[in-house]
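These notes concern the structure reproduced below.
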Amino acid sequence: MIDLRSDTVTKPTQAMLDAMVSAQVGDDVYGDDPSVNALESWAADRHGFETALFCSSGTQANLLALMAHCERGDEYLCGQQAHNYMFEGGGAAVLGSIQPQPIENESDGTLCFKKLKAAIKPDDSHFAKTRLLSLENTINGKVIPLSYLQEARRFADENTLNLHLDGARVYNASIALDIDIKEITQCFDSVSICLSKGLGAPVGSLLLGNQQLINKARRWRKVLGGGMRQAGFLASAGLYALQNNIPRLKEDHANARYLAESLNHLEVFKLNPDFVETNIVFAKVRDDVDQDELVSYLKQNGIIVSKGQPMRFVTHNGISHQDITYLIDHIKQYFTS
Ligand SMILES: *Cc1c(COP(=O)(O)O)cnc(C)c1O
């Protein structure tokens, strides 16, 4: 099957599986798993942080970051479209007693500093305490430039806020910007990174931060049921992913661009291929198209896509240039038959 729903559908390659089965493991709740320890220390060093925490998912890594930065009754500033506001079940409020203060994202995915400034609460018992600014890069496939991130660092310092990055796809950003990952990560007090999307590991995310923050996060991870035992089998897949699977994200970006340009030639889709910077393509579909029928026609031909307005297509290591040609041919066939 050609599955374009998400880059979460990636499966381990044989080389990654080999790394997994030969992993040395121990009980990570005792701190005894050498493969988890190796991943955490390698990742901390690579991204310029004191330490790191291996988490079960990106949702967990973000929640732990919010709960480590904020106390009950604090609030965090984030984008209206932020994953950790929109798509994580309201976890910060539900489990952390932390209030989100969303700000409308600008069309490029950034948050306007004037609007952020206006949303910071004065020190007054009427208000929650504004503690943290949380950004996301990439956001909806868009890359936030380094100059903005550096300005966000200055803004956070001037306003005594901590700064978190939901970097689920931060490697897509560093590849698109053609800069070292550290240039991005060093702007932040904490960063979460998904290992199980474009990087191709089966499970897991990292949270990076200083020792004090990660100690707190580690405690909350146990409370939330995320203390894993012989997790080294998974951690070794994550380390393999970080050490081997990053350069090939370039191919995903090129394939997404090819897909965007091809869709743009079809009359029923509307998009601007120049807006496709990484591995995600959004395309508006003409209103008279029966998407259920289109999706089911494609499925009969071995292609899985999600319906939506716009439709979203995501490229990853299971999608080749030929797969996209095959998809486009079948979309054309559907509309001409
Ligand atoms: C996927 C994603 C997450 C959460 O990851 P899960 O592993 O699915 O919980 C967080 N933030 C962003 C931006 C994501 O794309």
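Every number for a ligand or one of its atoms is a count from 1 in the order of the listing.
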Numbering the atoms of ligand 1 from 1, which are under 4.0 Å from a heavy atom of Gly58?
4 (C), 5 (O), 6 (P), 7 (O), 9 (O)

Can you check whether Glu136 has an N/O within less than 3.5 Å of an N/O in ligand 1?
no

Please list, in number order, the atoms of ligand 1 under 4.0 Å from a heavy atom of Thr59.
4 (C), 5 (O), 6 (P), 9 (O)

Salt-bridge present (Glu71, Lys129; N to O < 4.0 Å)
no

Which atoms of ligand 1 sit under 4.0 Å from any heavy atom of Ser57?
7 (O), 9 (O)

Taking the six-membered ring for Trp, are Tyr171 and His253 closer than 6.0 Å centroid to centroid?
no

Using 4.0 Å as the upper bound for N to carboxylate O, is an ion pair formed by Asp180 and Arg46?
yes

Under 3.5 Å: N/O of Thr138 near N/O of ligand 1
no

Please check whether Asp166 reaches ligand 1 - meaning an N/O of the residue sits under 3.5 Å from an N/O of the ligand, judged on distance alone.
yes

Pair Thr130, Glu75: side-chain N/O donor-acceptor within cut-off below 3.5 Å:
yes

Suppose I only count heavy atoms of Glu88 and a 4.0 Å limit; which atoms of ligand 1 are within that range?
10 (C), 11 (N)

What are the atoms of ligand 1, with element, lying closer than 4.0 Å to any heavy atom of Asn62?
10 (C), 11 (N)

Below 4.0 Å from any atom of ligand 1, is there a heavy atom belonging to Gln60?
no

Check ligand 1 against Lys197 and write out every atom of the ligand that is under 4.0 Å from a heavy-atom position of the residue.
1 (C), 2 (C), 3 (C), 5 (O), 12 (C), 14 (C), 15 (O)

Can you tell whether the side chains of Lys142 and Glu106 come within less than 4.0 Å, N to carboxylate O?
no

Carboxylate-amine/guanidinium proximity below 4.0 Å for Lys197 and Asp252
no

Location of contacts on Ser192 toward ligand 1, heavy atoms closer than 4.0 Å:
neither

Do the rings of His330 and Tyr297 sit parallel, tilted or perpendicular, given the 30° and 60° boundaries?
tilted

Could you walk me through whether Tyr76 and Asn162 pass the side chain to side chain contact (heavy atoms under 4.5 Å, CB included) test, one step at a time?
CA-CA 9 Å; Tyr76 69 107; Asn162 286 333; over 6 Å; no

Arg169 heavy atoms within 4.0 Å reach ligand 1 at atoms 15 (O)

